[in-house]
Amino acid sequence: MASTIYEQPYKVIKNLQDAEIRFYPPAVMATVISAANSYKEVGNKGFRQLANYIFGGNQDNKKIAMTAPVHMQLSDKGSSMSFVMPPEIPMQQLPKPNQQNIKIVNTPAEYVAAIRFGGYASDRDIQNYSQKLSDILAKNGIAHQGNFRFLGYDAPYRFFGRRNEIIVTVQWKA
């Protein structure tokens, strides 16, 4: 029997070629900042730290449900990984992490462009799909800002039907 995992909601605003424009409402996330700059480095260390937090590694020893997607922002200047917190737990009621490098943050609403791909992600996939998304946006005259981000939806043990996405903030008028 498959368990149901909460997925961060969004609304598709416009379909483009192999991508889409989405609106994401504000969300609360547990985020860990890293000096690493590769998918594997950020993913391994960041995931372990955030998983420890939601599995009870917090001041209340409280377990928090796993959600999807896992957000990753990769940069030569530093990277981050974030877990979306379940909406039924208000930010003020989330337990304080035991690890000081985990921050609970409220993200603002935003419009993003998104492109989807399957399989196990790699740095090369992230780079290739970021470029593909950038090309689609340029072709459609849509400006983007900030870093491209990776979204991973599946547990490491899921072999088939994996869902990965690249997103970037866009300038969009509703």
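In what follows, residues are counted from 1 in the order of the sequence shown. What you see is a predicted model, and the numbers here were worked out from it, not measured in a lab.
Residues Val168 and Met81 are members of one and the same hydrophobic cluster, defined by side-chain heavy-atom contacts under 4.5 angstrom among Ile, Leu, Val, Met, Phe, Trp and Tyr. Cluster annotation: Phe160 and Tyr120 are assigned to the same hydrophobic cluster (Ile/Leu/Val/Met/Phe/Trp/Tyr, side-chain heavy-atom contacts under 4.5 Å, transitive). Hydrophobic clustering (side-chain heavy atoms under 4.5 Å, transitive across Ile, Leu, Val, Met, Phe, Trp, Tyr) groups Leu137 together with Phe23. Taken together through direct or relayed side-chain contacts under 4.5 Å among Ile, Leu, Val, Met, Phe, Trp and Tyr, Phe148 and Ile167 form parts of separate hydrophobic clusters. Residues Leu50 and Ile33 are members of separate hydrophobic clusters, defined by side-chain heavy-atom contacts under 4.5 angstrom among Ile, Leu, Val, Met, Phe, Trp and Tyr.
Looking at Lys96 and Ile104, their side chains never come closer than 4.5 Å, going by heavy atoms from C-beta outward. Looking only at side-chain heavy atoms (C-beta outward), Gln59 and Pro95 stay at 4.5 Å or farther from each other. Contact annotation: the side chain of Lys14 approaches that of Trp172 to within less than 4.5 Å [non-hydrogen atoms, C-beta and beyond]. Side-chain contact between Phe150 and Ile166 is present, with heavy atoms from C-beta onward closer than 4.5 Å. For the pair Gln131 and Asp135, the minimum side-chain heavy-atom distance is below 4.5 Å. Looking only at side-chain heavy atoms (C-beta outward), Tyr53 and Leu94 come within less than 4.5 Å of each other. Put simply, the side chain of Thr169 reaches to within 4.5 Å of the side chain of Arg149, judged on heavy atoms.
Summarising the geometry, atom NZ belonging to Lys11 is positioned 14.0 Å from atom CD1 belonging to Ile21; distances are rounded to the nearest 0.5 Å. Taken from CE in Met66 to CD1 in Ile5, the straight-line distance is 6.5 Å, to the nearest 0.5 Å. Within the model, atoms CZ of Arg22 and CD1 of Ile13 stand 11.0 Å from one another, a figure rounded to the nearest 0.5 Å. Between the CG atom of Leu133 and the CD atom of Gln17 there is a distance of 10.5 Å, given to the nearest 0.5 Å. Atom CD of Gln93 sits about 6.5 Å away from atom NZ of Lys62, to the nearest 0.5 Å. Atom CZ in Phe117 sits 11.0 Å away from atom NZ in Lys132 (nearest 0.5 Å).
Under a 3.5 Å cut-off, the side chain of Thr67 and the backbone N or O of Val84 do form a donor-acceptor pair. For Thr107 (side chain) and Ala27 (main-chain N/O), a donor-acceptor pair under 3.5 Å exists by modelled atom type. Although no hydrogens or angles enter the test, the distance criterion places a donor-acceptor pair under 3.5 Å between the side chain of Asp123 and the main chain of Tyr39. The backbone N or O of Leu74 lies less than 3.5 Å from no partner atom in the side chain of Asn147, so there is not a single donor-acceptor pair. Ser134 contributes no side-chain N or O that, together with a main-chain N or O of Ser130, makes up a donor-acceptor pair within less than 3.5 Å. Formation of a donor-acceptor pair under 3.5 Å by the Asn58 side chain with backbone atoms of Asn98 is not found in this model. Of the possible donor and acceptor atoms, one in the side chain of Ser79 sits under 3.5 Å from a partner among the backbone N and O of Ala36.
Side chain to side chain, Gln49 and Asn101 meet the donor-acceptor criterion of an N or O pair below 3.5 Å.
Here the rule is side-chain hydrogen bond (donor to acceptor under 3.5 Å, both in side chains) with Tyr153, and of Gln8, Arg158, Glu165 only Glu165 fits it.
Closest approach of Pro86 to Ile64, counting heavy atoms only: CD-CG2, 3.5 Å. For Val105 against Thr31, the heavy-atom pair with the smallest separation is CG2-OG1, 3.6 Å. What you find for Ile136 and Asn140 is that their closest heavy atoms are O-ND2, 2.8 Å. The minimum heavy-atom distance linking Asn37 with Val42 is given by the pair N-CG2, 4.4 Å. Closest of all the heavy-atom pairs between Asp154 and Gly161 is OD2-O, 4.1 Å. Nearest heavy atom pair, residue Ile115 against residue Ala19, reads CB-CB, 4.4 Å.
By the neighbour-count criterion of 12 heavy atoms within 6.0 Å, atom NZ of Lys45 is sparsely surrounded, having that number or fewer from other residues, nucleotides or ligands. Counting heavy-atom neighbours within 6.0 Å of Gln99 CD, excluding the residue itself, gives a total above 12. Within 6.0 Å of CD on Gln100 lie no more than 12 heavy atoms contributed by other residues, nucleotides or ligands.
Between Phe47 and Phe83, the two ring planes are perpendicular [angle over 60°; tilted spans 30° to 60°].
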Worked verdict on Met72 versus Ile126 for side chain to side chain contact (heavy atoms under 4.5 Å, CB included): CA-CA 11 Å; Met72 288 177 74; Ile126 291 168; 5.9 Å; no
